[in-house]
Amino acid sequence: MWQATEFQNKVIAYYRQHGRKHLPWQGTKDPYQIWLSEIMLQQTQVTTVIPYYESFLNKFPTINHLAKASSDEVMHLWSGLGYYSRARNLHKAAKMVAETYDGKFPQTQEAIETLPGVGRSTAGAIAAFAFDQPSAILDGNVKRVLARCYGIEGWAGKSSVLKTLWQRAEENTPNHHTAEYNQAMMDLGAVVCTRSKPKCEQCPLSEHCYALKHDTITQLPGKKPKKARPKRSVYWLIYLENQQVVLHKRPPSGIWGGLWCFPEIDQSEQAPADAQKLSSFVHKFSHYDLEVQPLLVKKLPNTGIMEPNEFDSFALNFLQKNTQQKTAEIGLPTPVSKVLDSLS
DNA sequence: TAGCCGTGGAG
DNA sequence: TCTCCAAGGCT
């Protein structure tokens, strides 16, 4: 296990040797510039941010310029960068600083964090980079490094996991050279301790890394648990006549677009009278499960999506030997083929 | 607390 | 093509 000071020393030494030092927002102590970069970098990769950062700073060289700008000007410069509430909050915060702080950027982490769009980690970064305060950060990079190094399991979106990560982050953050340390932790996460194929041979922390030692790198940090896919339930209406079955061509977009399928209605709709239930099944898509209840019907309703005008119909002689060849020609979803097979 | 916000890169 | 998620914060 690590001694905090040993951890810090290794991390800082890494930064001095290998850390990134020439990003556009580095080499300045201007809290406005650092703040701007930190906001733009939220959930956004460095290479994406750089051109926006340059043009934004060119147009609004100081926070007072930004405060006096119109909303349209600000949004225009942000357009394409995404997460537009960041831009609205940025503008609002600039006005706050101009008015309540007389244009002087607040200097404590606590005060910085009151600005809209600035959370705990962003406030910590600004306080450390601009004012050399011993404040911790916990962005995605730091989370990944800490989770692997200490074997912190579970998804960081879970409050207990997040609490543990913050605890580690606070414990490990040094009171001196904090800016270098924080930058180093982000560099480590971004360059060495990457999500996939981390370069452990380059890592100053590999000696005691829990994940490396236990071969659980791919499992850390824990992923967001997948929620159960939503289920949609439909009837497939199977209308047989003279040894033929009616198929409809599906709309060009959506599931199975353009393929031939049994006429389909949602199970929230009224099932046709005299329908005979065949065995149901579930077909799994990436984003939802489709539960299908095939119904043998004696006639087809002609309402709603069943309007024959809106869909081509096709009468397939499913009992003939050439069913498989035929189905290959016209494009049937696999479940439809299976139902056809069970009928013959 | 879980959903939401945006766009782009990587695998 | 599709998933996963990136220098998170807000509601």
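Just the heavy atoms: all of them, side chains too, but no hydrogens, waters or symmetry mates, feed the values below. All values reported here derive from a predicted model rather than from experimental measurement.
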Does a salt bridge link Glu113(A) with Arg120(A), judged by any charged N lying under 4.0 Å from a carboxylate O? no

How close or far is atom C1' of dC4(B) from atom CD of Gln43(A), stated in whole angstroms? 12 Å

Donor-acceptor pair between Thr62(A) and His65(A) side chains, under 3.5 angstrom: yes

Inter-nucleotide P distance (dG6(B), dT11(C)), Å rounded: 13 Å

Distance check needed: dA2(B) P versus Lys158(A) NZ, whole Å only. 10 Å

Regarding Gln183(A), tell me which of base, sugar-phosphate or nothing describes its non-hydrogen contacts under 4.0 Å with the strands shown. base

What's the CH2-C1' distance between Trp35(A) and dG9(C), to the nearest Å? 14 Å

Answer yes if the side chains of Arg86(A) and Thr44(A) hold a donor-acceptor pair under 3.5 Å, and no otherwise. yes

Using atom CD1 of Ile112(A) as one end and atom P of dG9(C) as the other, report the distance to the nearest whole Å. 13 Å

Round to a whole Å and report the spacing from CG of Leu162(A) to P of dG9(C). 10 Å

Ranking dG6(B), dG9(C), dA6(C) by distance to the side chain of Tyr83(A), first place goes to dG6(B)

Rounded to whole Å, the NZ-C1' distance (Lys223(A) to dC5(C)) equals 11 Å

Base, sugar-phosphate alone, or nothing: which one does Gly80(A) contact when heavy atoms must sit under 4.0 Å apart? sugar-phosphate

Using the P atom as the reference point in each nucleotide, state the distance between dC4(C) and dG3(B) in Å, no decimals. 15 Å

Let me know the distance between CD1 of Ile50(A) and C1' of dA6(C), rounded to the nearest Å. 15 Å

Mapping Glu113(A) and Pro221(A) onto DNA chain C by nearest heavy atom, which one lands closer to the 5' end? Pro221(A)

Mind checking if Val142(A) touches a base, just sugar-phosphate, or nothing, with heavy atoms under 4.0 Å? nothing

Closest-nucleotide ordering on DNA chain B, the 5'-leading residue of Gln45(A) and Arg88(A): Arg88(A)

Give a yes or no on whether the backbone of Ala69(A) and the side-chain of His91(A) come within a donor-acceptor separation of less than 3.5 Å. yes

Exercise: do Asp187(A) and Gln183(A) side chains pair donor with acceptor under 3.5 Å: yes

Say whether Gln42(A) and Thr122(A), considering side chains only, have a donor N or O and an acceptor N or O under 3.5 Å apart. yes

The residue, Trp155(A) or Lys197(A), whose nearest nucleotide of DNA chain B is more 5′ is Trp155(A)

Using whole Å, report how far OH of Tyr84(A) lies from C1' of dG6(B). 6 Å

Side-chain N,O (Ser85(A)) to OP1/OP2 (dG9(C)) below 4.0 Å: no

Looking for any heavy atom pair under 4.0 Å, which part of the strands does Trp25(A) touch: base, sugar-phosphate only, or nothing? base

Regarding Thr47(A), tell me which of base, sugar-phosphate or nothing describes its non-hydrogen contacts under 4.0 Å with the strands shown. nothing

Any base atoms under 4.0 Å from Ile137(A), or only sugar-phosphate, or nothing? Heavy atoms, all strands. nothing

Determine the contact category for Leu23(A): base if any of its heavy atoms lies under 4.0 Å from a base atom, sugar-phosphate if only primed atoms, P, OP1 or OP2 are that close, otherwise nothing. base

Within the 4.0 Å heavy-atom criterion, would you say Thr44(A) contacts the bases, only the backbone, or no part of the nucleic acid? base

